[in-house]
Amino acid sequence: MDKRYDHKAHEAKIYSFWEKGGYFKPKTSKKDPFIIIMPPPNANDDLHIGHARFIAIEDILTRYHRMKGEPTLWLPGADHAGIETQYVFEKKLQEKGKSRFDYDRETLYKMIWDYVQENKEKMEGQLRALGSSCDWTRNKFTLDPDIVKIVYKTFKKLHDDGLVYRGERLINYCTHCGTGFSELEVDRVEKTTPLYYIKYPKADGSGHVTVATTRPEPIFVDTHLAVNPKDKKKKDLIGTKVLNPLTDVEMEIIGDSYVDPEFGTGVVKITPAHDFNDFEVAQKHDLPIVKAINSDGEITEAGGKYSGMRTKKAREAVVVDLEKKGLIEKIDKNYKHVAALCYRCKTPIEPMPSEQWFVKVKPLVEKVRGAVKTGKTKFPAKRFEKMFLHWLDILYDWNISRQIVWGMRIPAWQCEDCHEWTITDGDPPSKCKCGHKELVQDQDTFDTWFSSGQWPYAPLQTTKDGDFERFYPTSVMNTGFDILPRWVLRMMMLGIYTTGEVPFREVLIHGLVRDKEGQKISKSKGNVINPLDMSEKYGADALRMGIIWGALVENDISLSEDNIRGQRNFSNKVWNITRYVLDKTEGKKLEFFGPEMPKHTTGKDLFKDDVYSRFAESTKKIGEITKKLDGYKLNEAGEIVYQYIWHDFADSTIEWSKKFVDEDSEKGEYTRGLLVDLLARSLKILHPFMPFVTEALWQITRKEIGDQTGNSGLLKEKALITAEWPKG
RNA sequence: GGACGAGUAGCUCAGUUGGUUAGAGCAUUCGCUUGACGUGCGAAAGGUCGGGGGUUCAAGUCCCUUCUCGUCCACCA
């Protein structure tokens with residue numbers, strides 16, 4: 001054996017030994033299965049350090065349960081990631097001076113498809129490099145035809161059950177991405193914007209009413225103002241008329257309780273087409289909804305002289321015109337308000353009236369709430385349960401249409417004659433209910449979360465016969481808190497709706513990976529830690545241990561290269577422990593107390609007492625580690641393993657052993673036996689954390705001294721990955 | 001405006017139901033080199049557990065209050 005552990009010489013070989021040997025596949029056993037569906041990484045980029053963390057977490061759990069003899073499945077996959085991928089791809093096009101409008105739908109789709117396939121393969125290689133023990137024979141992609149079929153079926157079922165409707169609603173529209181979003185895909189950022197106080201002349205010429213607004217540009221389509229009927233000072237205005245400051249058209253003042261008398265001037269202009277509150281008010285009062293802004297972010301034809309201008313320019317022009325007319329009372333330039341931005345590209349979101357497919361969430365949400373309250377799905381970290389339940393309270397109907405090409409095209413066809421929609425589970429209908437045969441498919445695709453919301457069951461229904469029955473509901477869903485509403489919530493809604501059971505029994509939330517100063521990692525800060533570079537430099541084992549070390553799973557973690565280097569040193573320590581044990585035992589006679597705990601001789605034989613207590617210490621530590629793993633305290637489990645192997649086994653027992661280990665006496669034989677026993681146990685308990693070095697050492701140890709261990713049962717398994725987890 | 005989390009050694013973090021001298025890793029200081037490993041070994045130093053008050057025989061741990069960070073939510077034009 002080399003003096004040092006060289007991870008490059010072993011990792012790839014060990015991985016292919018596992019994969020070719022079929023060790024990642026769930027075995028049959030009477031025990032309850034353990035299954036994690038991997039949150040499918042987006043197939044549009046390399047894995048980043050955040051992926052490395054969830055890979056470490058899920059692989060530790062998977063390997064631990066596999067060693068406990070449970071039928072264990074970690075199911076890998078990749079996400080087409082609709083808007084995300086289209087955004088990344090469009091950036092690439094931009095670099096080449098092109099845009100999505102230069103290609104027809106089919107060509108663009110094909111180009112993104114090829115791009116994604118290439119990335120997907122690369123990403124899968126990276127998952128392997130980090131030691132992921134997922135079952136590649138069950139690998140799935142969200143756009144696999146059988147998955148798409150399932151998603152379509154769900155859509156049709158929802159529609160047949162009256163839970164999907166098409167309606168004109170205000171949606172969150174990003175003029176840059178060219179698509180609408182659900183409210184969960186909108187970022188809110190505090191911004192300082194001018195607040196304009198605009199005078200509306202009263203129609204009877206008796207003065208004016210002042211309105212405060214941050215958005216003067218759509219004033220020309222406004223037809224109403226509103227005040228609070230409970231506002232003593234303002235309520236007399238209800239029913240009176242003012243003139244539109246830009247068009248001089250008469251506008252009526254209405255009363256609605258949503259107006260806050262304390263804010264601004266207590267008078268609000270109503271722009272139903274571009275503001276969610278105003279839209280609601282307009283529906284209540286049956287006001288006209290006139291679009292002032294189109295999907296490119298330009299003023300519509302209704303805007304007269306402003307039409308064609310982008311909103312920002314139009315605003316400037318409107319303000320200039322109002323100033324000329326002397327209708328601006330004042331401008332508060334330090335007004336802070338919360339702006340809605342596209343979560344993808346940070347362009348301001350325009351509320352826009354549009355026809356889209358919506359899912360009624362109320363009935364689905366109630367079942368989700370029930371499942372959480374009754375503990376069918378648990379959150380080991382309680383605070384996330386609270387957060388989750390809060391989300392349930394504030395959910396709106398879910399807009400699932402996206403105006404992008406990349407994704408699953410919605411299986412809905414509109415009749416050119418009667419304009420009725422026909423929904424199928426994928427195949428185009430031959431004719432409309434009215435008998436007409438000319439039907440046109442909806443141009444839109446599904447929200448990615450609509451398909452990934454079905455990920456806990458869709459792959460299982462397509463992999464192997466019986467998988468779904470065997471493995472659903474899944475054991476643990478591990479994901480970041482940031483997609484708790486976007487993803488976990490959708491999976492719960494759709495999972496319960498489609499299968500009648502919760503999609504997972506526990507939701508294990510993990511925190512962010514931060515740099516060593518605790519700062520968020522971002523390209524712009526230049527503090528990116530590339531997991532593959534780290535793995536290349538210090539070994540995948542060191543990276544994995546480093547990335548779970550020092551913080552509970554649910555908390556943010558600060559990762560430093562020093563930390564990873566420390567773990568590399570640990571992997572080397574284990575290597576040298578094995579080297580020592582093999583050096584002292586190879587070809588020598590070994591004696592074991594046997595697989596059962598040796599009897600304590602209580603002072604009659606001091607040597608045997610020593611052996612006993614060293615063995616007992618390991619058993620005690622194994623018990624602690626097992627308990628920590630069962631409670632998802634991975635860092636604490638890892639730290640005990642580290643502490644035990646380095647300080648108890650190496651620093652204490654190995655140093656002690658040097659007194660007897662070379663003797664040909666009974667003491668020598670028992671000492672050597674103890675070393676082998678503790679080595680085997682150490683490799684086992686470390687394996688989930690550092691799979692490569694431990695498996696490499698297991699193989700070497702078996703080869704060197706496997707036939708000396710007699711019927712002790714130590715080292716009996718051909719592969720450590722499926723060796724039996726020791727009893728604590 | 002609400003809700004939540006964090007504040008423990010120089011740094012990053014553990015400390016389950018309150019119970020001996022408060023722990024780990026990294027960093028620091030000192031000392032060890034033929035004999036598993038210098039990616040090593042041995043030792044040391046370092047904390048009035050954010051501040052204040054309370055409950056208790058006993059509080060980092062429970063209660064109240066306060067300060068400082070951070071996160072999430074919210075339609076205030």
Side-chain angles (χ1 to χ4, degrees), chain A residues 1-6 170 183-184 188 193 195-198 211-216 225-226 228 258-271 274-281 335 337-338 340 351 381-391 393-394 396 481-482 484-485 511-512 514-518 520 538-539 542 545-546 549-552 554-584 627-628 631 633 635-640 642-643 646-647 650-651 654-655 657-658 661-662 675:
Chain A
M1 280 175 83
D2 293 333
K3 230 173 142 175
R4 289 180 188 167
Y5 169 55
D6 175 10
L170 278 203
E183 83 272 14
L184 302 181
R188 293 182 192 273
T193 37
L195 181 64
Y196 304 93
Y197 287 76
I198 296 164
V211 172
T213 181
T214 54
R215 295 208 66 179
L225 298 184
N228 194 318
Y258 116 88
V259 181
D260 178 356
E262 302 299 316
F263 185 86
T265 61
V267 187
V268 184
K269 71 184 182 73
I270 304 289
T271 311
H274 301 287
D275 183 283
F276 286 94
N277 297 311
D278 295 1
F279 185 79
E280 267 181 42
V281 172
Y335 177 67
H337 95 301
V338 179
K382 278 285 171 213
R383 65 178 198 258
F384 294 108
E385 180 175 315
K386 258 191 157 168
M387 215 174 177
F388 187 78
L389 288 172
H390 176 64
W391 275 106
D393 293 335
I394 57 174
Y396 293 89
F481 64 89
D482 51 330
L484 201 57
L512 252 45
R514 295 171 177 274
D515 71 6
K516 64 177 169 184
E517 270 93 35
K520 229 173 182 170
Y538 298 110
M545 193 66 146
W549 191 271
L552 293 168
E554 66 265 29
N555 289 342
D556 289 358
I557 192 166
S558 291
L559 182 65
S560 72
E561 194 167 337
D562 279 349
N563 193 339
I564 300 169
R565 180 158 29 78
Q567 297 304 334
R568 187 274 317 269
N569 295 354
F570 180 46
S571 65
N572 187 58
K573 184 74 185 177
V574 180
W575 179 266
N576 275 289
I577 287 170
T578 309
R579 202 152 79 93
Y580 170 83
V581 173
L582 294 184
D583 181 48
K584 296 297 182 190
K627 206 174 148 197
K628 295 290 187 192
K633 312 270 186 195
N635 58 316
E636 294 176 32
E639 284 166 38
I640 300 170
Y642 180 102
Q643 177 72 23
W646 201 318
H647 302 299
D651 293 347
I654 284 186
E655 290 309 314
S657 78
K658 287 177 182 172
V661 76
D662 293 322
L675 289 179

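Here is how names work: the chains are called A, B, and so on, in the same order as the sequence lines, proteins then strands, and each is numbered from 1.
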Novice: Could you please name the partner base of B:rU34, counting Watson-Crick and G-U wobble pairs only when both distances are under 3.5 Å?
Specialist: none

Novice: Between the side chain of A:Asp275 and the main-chain N/O of A:Asp278, is any donor-acceptor distance below 3.5 Å?
Specialist: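 It does hold such a pair.
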
Novice: Starting from C1' on B:rG23, measure out to OH on A:Tyr642 and report it in whole angstrom.
Specialist: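 That distance rounds to 15 Å.
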
Novice: Which of these nucleotides, B:rG5, B:rC75, B:rG25, is closest to any side-chain atom of A:Asn277?
Specialist: B:rC75

Novice: Starting at CZ of A:Arg188 and ending at C1' of B:rC76, how long is that distance when rounded to a whole Å?
Specialist: 12 Å

Novice: How far does the P atom of B:rA6 sit from the matching atom of B:rG50, given to the nearest Å?
Specialist: 12 Å

Novice: Enumerate the salt bridge (Lys or Arg N to Asp or Glu O under 4.0 Å) contacts for residues 563-578 of chain A, please, sequence neighbours excluded, ordered by first and then second residue.
Specialist: A:Asp562-A:Arg565

Novice: Write down the distance between CD (A:Glu561) and P (B:rA27), rounded to a whole number of angstrom.
Specialist: 13 Å

Novice: Is A:Glu655 touching bases, backbone alone, or none of the nucleic acid, heavy atoms closer than 4.0 Å?
Specialist: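 The answer is base, as A:Glu655 lies within the cut-off (heavy atoms under 4.0 Å) of a base atom.
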
Novice: What pairs with A:Tyr5 under ring-ring contact (aromatic ring centres under 6.0 Å, His included), at least two apart in sequence or on another chain?
Specialist: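 ring-ring contact (aromatic ring centres under 6.0 Å, His included) check on A:Tyr5 returns A:His10, A:Trp575.
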
Novice: Checking all strands, does A:Val211 fall into the base, sugar-phosphate, or nothing category for heavy-atom contacts under 4.0 angstrom?
Specialist: nothing

Novice: Looking only at the side chain of A:Lys3 (C-beta and beyond, no hydrogens), which of the listed nucleotides B:rC37, B:rC41, B:rA74 gets closest?
Specialist: B:rC37

Novice: Once you apply the 3.5 Å cut-off to both distances, tell me the Watson-Crick or G-U wobble partner of B:rU17, or none.
Specialist: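 Paired with no nucleotide.
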
Novice: Does A:Phe481 reach the side chain of A:Leu512, with side-chain heavy atoms less than 4.5 Å apart?
Specialist: yes

Novice: For nucleotides B:rG18 and B:rG54, find the distance between their C1' atoms and express it as a whole number of Å.
Specialist: 15 Å

Novice: Taking a pair as Watson-Crick or G-U wobble with both distances under 3.5 Å, which nucleotide is matched to B:rC11?
Specialist: B:rG25

Novice: Base, sugar-phosphate or nothing for A:His274? Non-hydrogen atoms, less than 4.0 Å.
Specialist: nothing

Novice: How far, in whole Å, is B:rA22 from B:rC4 if one measures between their P atoms?
Specialist: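 Approximately 33 Å lies between the P atom of B:rC4 and that of B:rA22.
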
Novice: Looking across every strand, which nucleic acid part, if any, lies under 4.0 Å from A:Trp391 by heavy atom: base, sugar-phosphate, or nothing?
Specialist: sugar-phosphate

Novice: Pairing check on B:rA74: which nucleotide meets the Watson-Crick or G-U wobble criteria with it, both distances under 3.5 Å?
Specialist: none

Novice: A:Asn228 side chain to A:Val259 main-chain N or O, any donor-acceptor pair under 3.5 Å?
Specialist: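 Side chain of A:Asn228 to backbone of A:Val259, a donor-acceptor pair under 3.5 Å: yes, one is there.
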
Novice: Is any side-chain heavy atom of A:Leu582 less than 4.5 Å from a side-chain heavy atom of A:Met1?
Specialist: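 Touching, per the 4.5 Å side-chain cut-off.
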
Novice: Within the 4.0 Å heavy-atom criterion, would you say A:Asp651 contacts the bases, only the backbone, or no part of the nucleic acid?
Specialist: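 Since only primed, P, OP1 and OP2 atoms lie under 4.0 Å of A:Asp651, the category is sugar-phosphate.
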
Novice: Classify every nucleotide of nucleotides 12-17 of chain B by which part a protein heavy atom approaches to under 4.0 Å, writing B for the base, S for the sugar-phosphate alone and - for neither, in 5'-to-3' order.
Specialist: SSSS--

Novice: For A:Lys658, report the nucleic acid contact type (base, sugar-phosphate, nothing); a contact means any heavy atom under 4.0 Å.
Specialist: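 Base contact.
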
Novice: Please report the distance, rounded to the nearest Å, between CZ in A:Arg579 and C1' in B:rC37.
Specialist: 7 Å

Novice: Could you work out the separation of B:rG53 and B:rG70 based on their C1' atoms and round it to a whole Å?
Specialist: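 About 27 Å, rounded to a whole number of Å.
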
Novice: Round to a whole Å and report the spacing from CZ of A:Arg215 to P of B:rC76.
Specialist: 15 Å

Novice: Determine the Euclidean distance between corresponding P atoms of B:rC73 and B:rC13; express it in Å to zero decimal places.
Specialist: 23 Å

Novice: Expressed as a whole number of angstroms, how long is the span from A:Met387:CE to B:rA3:C1'?
Specialist: 10 Å

Novice: With C1' as the reference atom in both, quote the distance from B:rG51 to B:rG15 in angstrom, rounded to an integer.
Specialist: 22 Å

Novice: Return the nucleotide paired to B:rA6: Watson-Crick means purine N1 to pyrimidine N3 with N6-O4 or O6-N4, wobble means G-U with N1-O2 and O6-N3, both under 3.5 Å.
Specialist: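 B:rA6 is paired with B:rU68.
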
Novice: Pick the P atom in B:rG52 and in B:rG60, then give their distance to the nearest Å.
Specialist: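 So the two P atoms sit 13 Å from each other.
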
Novice: Once ring-ring contact (aromatic ring centres under 6.0 Å, His included) is applied, do any residues pair with A:Tyr642, and if so which ones, sequence neighbours excluded?
Specialist: A:Trp549, A:Phe570, A:Trp646

Novice: What's the separation between atom CG in A:Asp583 and atom OG1 in A:Thr578, rounded to the nearest 0.5 Å?
Specialist: 12.0 Å

Novice: Looking only at the side chain of A:Arg4 (C-beta and beyond, no hydrogens), which of the listed nucleotides B:rA36, B:rC75, B:rG38 gets closest?
Specialist: B:rG38

Novice: Return whichever of A:Gln643 or A:Arg383 has its heavy-atom-nearest nucleotide of RNA chain B closer to the 5' end.
Specialist: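 The 5'-side residue here is A:Arg383.
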
Novice: Hunt down the Watson-Crick or G-U wobble partner of B:rG47, both distances under 3.5 Å, from any strand shown, or write none.
Specialist: none

Novice: Looking at A:His647, I'd like to know whether one of its side-chain N or O atoms comes within less than 4.0 Å of OP1 or OP2 on B:rG25.
Specialist: yes

Novice: Here's a test of your reading of the structure: between A:Thr578 and A:Val259, which maps to the more 5' nucleotide of RNA chain B?
Specialist: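 In this pair, the answer is A:Thr578.
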
Novice: Could you tell me the separation between the CE atom of A:Met387 and the CG atom of A:Leu484, rounded to the nearest 0.5 Å?
Specialist: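 Rounded to the nearest 0.5 Å, the CE-CG separation comes out at 6.5 Å.
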
Novice: Which part of the nucleic acid, if any, lies within reach of A:Asp260 when heavy atoms closer than 4.0 Å are counted: base, sugar-phosphate only, or nothing?
Specialist: base

Novice: Return the nearest nucleotide to the side chain of A:Phe481; candidates are B:rU71, B:rA36, B:rG5.
Specialist: B:rU71

Novice: Taking only heavy atoms on the protein side, list every residue of residues 565-573 of chain A lying under 4.0 Å from any atom of RNA chain B, sorted numerically.
Specialist: A:Arg568, A:Asn569, A:Asn572, A:Lys573

Novice: Pick base, sugar-phosphate or nothing for A:Tyr396, based on heavy-atom distances below 4.0 Å to the nucleic acid.
Specialist: sugar-phosphate

Novice: For A:Lys584 and B:rC37, give me the distance from atom NZ to atom P, rounded to whole Å.
Specialist: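 Atom-to-atom, A:Lys584 to B:rC37, this comes out as 11 Å.
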
Novice: In terms of heavy-atom contacts, does OH of A:Tyr396 have more than 12 from other residues, nucleotides or ligands at under 6.0 Å?
Specialist: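 No, the 6.0 Å shell around OH holds no more than 12 heavy atoms from other groups.
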
Novice: Can you tell me the distance, in whole Å, between the NE2 atom of A:His390 and the P atom of B:rC72?
Specialist: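 Going from A:His390 (NE2) to B:rC72 (P), I get 13 Å.
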
Novice: Check whether any side-chain heavy atom of A:Leu225 lies under 4.5 Å from a side-chain heavy atom of A:Val211, and answer yes or no.
Specialist: yes

Novice: Counting only Watson-Crick pairs (N1-N3 plus N6-O4 or O6-N4) and G-U wobbles (N1-O2, O6-N3), all under 3.5 Å, who is the partner of B:rU56?
Specialist: none

Novice: Under the salt bridge (charged side-chain N to carboxylate O under 4.0 Å, His left out) rule, collect the residues that match up with A:Glu639, sequence neighbours excluded.
Specialist: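 A:Glu639 satisfies salt bridge (charged side-chain N to carboxylate O under 4.0 Å, His left out) with no other residue.
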
Novice: Using the P atom as the point on both nucleotides, what is the distance between B:rA9 and B:rG25, in whole Å?
Specialist: 16 Å

Novice: How far apart are the C-alpha atoms of A:Phe384 and A:Glu554, what are their side-chain angles, what is the distance that settles it, and do they pass the side chain to side chain contact (heavy atoms under 4.5 Å, CB included) test?
Specialist: CA-CA 9 Å; A:Phe384 294 108; A:Glu554 66 265 29; 3.7 Å; yes

